[in-house]
Amino acid sequence: MTHKRTTTSLLCASALIFGLSACSDNKAPTEGGTSTSGTLNKIKSSGTIVLGYRDSSIPFSYIADNPNQPVGYAHDLQLKVVEAVKQKLDMPDLKIRYNLVTSQNRIPLVSNGTVDLECGSTTNNKERQQQVDFSVGFFEVGSRLLTAQNSGIKDFADLKGKKLVTTAGTTSERYIRQHQQELGIGEIISAKDHAESFLMLQNGRAVAFMMDDILLAGEKSKARNPNQWEIVGTAPIHEIYGCMLRKGDTGFKEVVDDAIKATYASGEINKIYEKWLQQPIPPKNINLNFTMSDQLKALISNPHDQDQ
């Protein structure tokens with residue numbers, strides 16, 4: 001028995017060194033008898049919750065005026081979760097540490113324990129569910145095209161022989177590469193983030209930028225002349241965004257889901273939506289004028305963590 005306990009302790013110590021939560025997934029009592037999960041135990045022990053954020057996913061999670069403070073629709077929901085964690089652990093002074101993530105590294109950083117929670121513009125799909133868990137959904141989007149008004153591009157069929165840019169590590173990139181041949185697209189360029197994708201479009205490296213429609217609206221809002229650009233095309237894929245957390249951590253997921261559901265039930269989600277999608281937002285005080293879809297209204301009325 002002694003040998004078995006020693007071996008287990010060594011394995012758990014190694015797991016903690018590498019930021020894994022495998023040894024803390026089983027529920028364990030904390031002070032006051034509260035039962036917590038792996039991530040909650042990690043937060044309780046460190047006194048800090050690590051939030052993953054994006055720097056250019058307007059209007060969900062991005063950097064505007066303060067380089068050290070992300071803002072956005074998804075970030076506001078993320079802070080609702082922080083408040084719920086404070087209450088759950090009785091830690092009113094819980095510290096927040098921010099960790100920048102990209103489309104390519106966000107899943108590994110959540111999986112290996114570097115980031116506790118990522119709320120940005122991450123699509124919940126079956127492939128990703130093999131690696132991480134998702135909260136109930138908080139937005140529904142369709143992938144379309146951003147292009148110059150005088151480009152002649154009106155839908156995906158108009159991309160034959162032309163160059164398209166999209167962001168690496170996204171579901172849009174995966175879809176368009178799978179259908180490049182049938183659509184006859186001349187070349188697909190993968191940029192590191194949404195800002196770089198839009199820059200390539202503006203510089204003429206590509207005639208269109210494929211991404212989730214709301215993210216395209218966000219990039220368009222940053223342009224020197226937003227009216228020069230338009231979002232076109234029939235969306236070939238529809239997706240739901242969710243917050244990512246470590247797989248199998250049911251205790252933490254319950255806290256995350258309950259915090260988001262409470263924001264829906266109270267009606268506060270409508271204020272958050274209006275703030276970021278129907279009012280002027282930083283850094284240029286542009287109003288995205290993005291009306292809440294019937295699909296999102298249905299998701300708020302009946303929250304779930306399923307993919308499309």
Side-chain angles (χ1 to χ4, degrees), residues 54 56-62 71-78 80 103 118-126 128-129 134-147 153-156 166-167 170-176 194 197-198 208-222 226-227 229-244 256-257 259-281 286-308:
R54 304 294 296 275
S56 63
S57 288
I58 297 175
F60 297 101
S61 177
Y62 68 103
V71 296
Y73 173 92
H75 181 63
D76 280 1
L77 287 174
Q78 199 171 37
K80 292 292 184 185
S103 296
E118 188 270 347
C119 300
S121 53
T122 303
T123 298
N124 177 358
N125 62 29
K126 286 183 173 59
R128 290 170 175 171
Q129 289 168 10
F134 285 88
S135 70
V136 294
F138 62 75
F139 210 84
E140 186 158 344
V141 297
S143 293
R144 300 177 67 201
L145 301 170
L146 181 64
T147 188
I153 304 294
K154 297 300 177 185
D155 214 329
F156 287 84
T166 188
T167 305
T170 62
T171 51
S172 289
E173 181 196 32
R174 177 168 183 163
Y175 174 88
I176 204 64
H194 306 319
S197 292
F198 188 37
F209 168 23
M210 179 184 181
M211 190 45 57
D212 304 341
D213 49 11
I214 183 57
L215 297 178
L216 294 178
E219 290 305 309
K220 176 184 173 184
S221 74
K222 297 190 298 185
N227 293 329
W229 308 95
E230 63 179 349
I231 298 171
V232 301
T234 303
I237 49 176
H238 292 270
E239 303 171 326
I240 292 176
Y241 290 166
C243 297
M244 281 196 300
V256 174
D257 284 346
I260 295 173
K261 289 177 181 178
T263 306
Y264 293 173
S266 69
E268 191 172 358
I269 188 62
N270 296 313
K271 294 179 181 178
I272 295 174
Y273 188 96
E274 289 172 8
K275 174 183 175 183
W276 293 106
L277 291 110
Q278 296 184 312
Q279 295 178 10
I281 60 174
I286 298 294
N287 189 336
L288 300 183
N289 287 314
F290 205 86
T291 302
M292 185 181 289
S293 67
D294 290 339
Q295 291 87 349
L296 180 54
K297 290 176 182 177
L299 182 61
I300 290 171
S301 298
N302 184 29
H304 63 80
D305 61 2
Q306 304 304 304
D307 60 339
Q308 280 289 72

Rounded to the nearest 0.5 Å, what's the gap from OG on Ser57 to CD on Glu219? Could you check? 8.0 Å
So Ile58 and Ile281, do their side chains get closer than 4.5 Å, heavy atoms only? yes
Taking every heavy atom of Arg144 against every heavy atom of Gly233, the minimum-distance pair comes out as NE-O, 2.7 Å
Looking at Lys275 and Glu268, does any basic side-chain N land under 4.0 Å from a carboxylate oxygen? no
Can you name the closest pair of heavy atoms from Leu288 and Ser221 and give their distance? CD2-CB, 3.6 Å
Residue pair Tyr175 / Ser143, side-chain heavy-atom distance below 4.5 Å: no
For the pair Glu230 and Leu146, evaluate side chain to side chain contact (heavy atoms under 4.5 Å, CB included) and give the outcome as yes or no after the intermediate values. CA-CA 6 Å; Glu230 63 179 349; Leu146 181 64; 5.9 Å; no
Can you tell me how far NE2 of His75 sits from CH2 of Trp276, rounded to the nearest 0.5 angstrom? 8.5 Å
Asp212 side chain to Leu215 main-chain N or O, any donor-acceptor pair under 3.5 Å? no
Any chance you could measure Ile153, atom CD1, to Phe156, atom CZ, to the nearest 0.5 Å? 11.0 Å
Once you round to the nearest 0.5 Å, how far does CZ of Phe139 lie from SG of Cys119? 14.5 Å
Flag the pair His238 / Val141 as yes when at least one side-chain heavy-atom distance between them is below 4.5 Å, and no otherwise. no
Quick one: closest heavy-atom pair of Thr122 and Phe134, and the distance? CG2-CE2, 3.9 Å
Is a side-chain N or O of Arg54 found less than 3.5 angstrom from the main chain of Ser61, in a donor-acceptor match? no
Below 30° counts as parallel, above 60° as perpendicular, anything between as tilted: where do the rings of Phe60 and Tyr73 land? perpendicular
Please report the shortest heavy-atom distance between Ser135 and Asp257, naming the atom on each side. CA-OD1, 3.2 Å
Check whether any side-chain heavy atom of Tyr62 lies under 4.5 Å from a side-chain heavy atom of Val71, and answer yes or no. yes
d(Phe198 CZ, Lys220 NZ) to nearest 0.5 Å is 9.0 Å
Distance-only side-chain donor-acceptor flag, Glu239 / Thr171, under 3.5 Å: yes
Closest heavy-atom contact between Thr166 and Met211? OG1-CE, 3.5 Å
Side chains of His194 and Thr167: do they bring a donor and an acceptor to under 3.5 Å? yes
Spatial distance of atom CG (Asn289) from atom CD (Gln279) [nearest 0.5 Å]: 10.5 Å
Intermediate values then yes/no, salt bridge (Lys or Arg N to Asp or Glu O under 4.0 Å), Lys271 and Glu274: CA-CA 5 Å; Lys271 294 179 181 178; Glu274 289 172 8; over 6 Å; no
With side chains defined as the heavy atoms from C-beta onward, is the minimum distance between Val136 and His304 less than 4.5 Å? no
For Gly120 against Ala74, the heavy-atom pair lying closest together: O-CB, 3.5 Å
Is there side-chain contact between Cys243 and Ile260, with at least one heavy-atom pair below 4.5 Å? yes
Per the salt bridge (Lys or Arg N to Asp or Glu O under 4.0 Å) rule, what does the pair list look like for residues 287-307, sequence neighbours excluded? Lys126-Asp307, Lys253-Asp305
Within-4.5 Å side-chain heavy-atom neighbours: Leu296 and Tyr273: yes
Step-by-step side chain to side chain contact (heavy atoms under 4.5 Å, CB included) determination, Asn270 to Met292: CA-CA 9 Å; Asn270 296 313; Met292 185 181 289; 4.0 Å; yes
With distance as the sole test, does Asn124 use its side chain to make a donor-acceptor pair with the main-chain N or O of Tyr241 at under 3.5 Å? no
Does any non-hydrogen side-chain atom of Trp229 lie less than 4.5 Å from one of Leu216? no
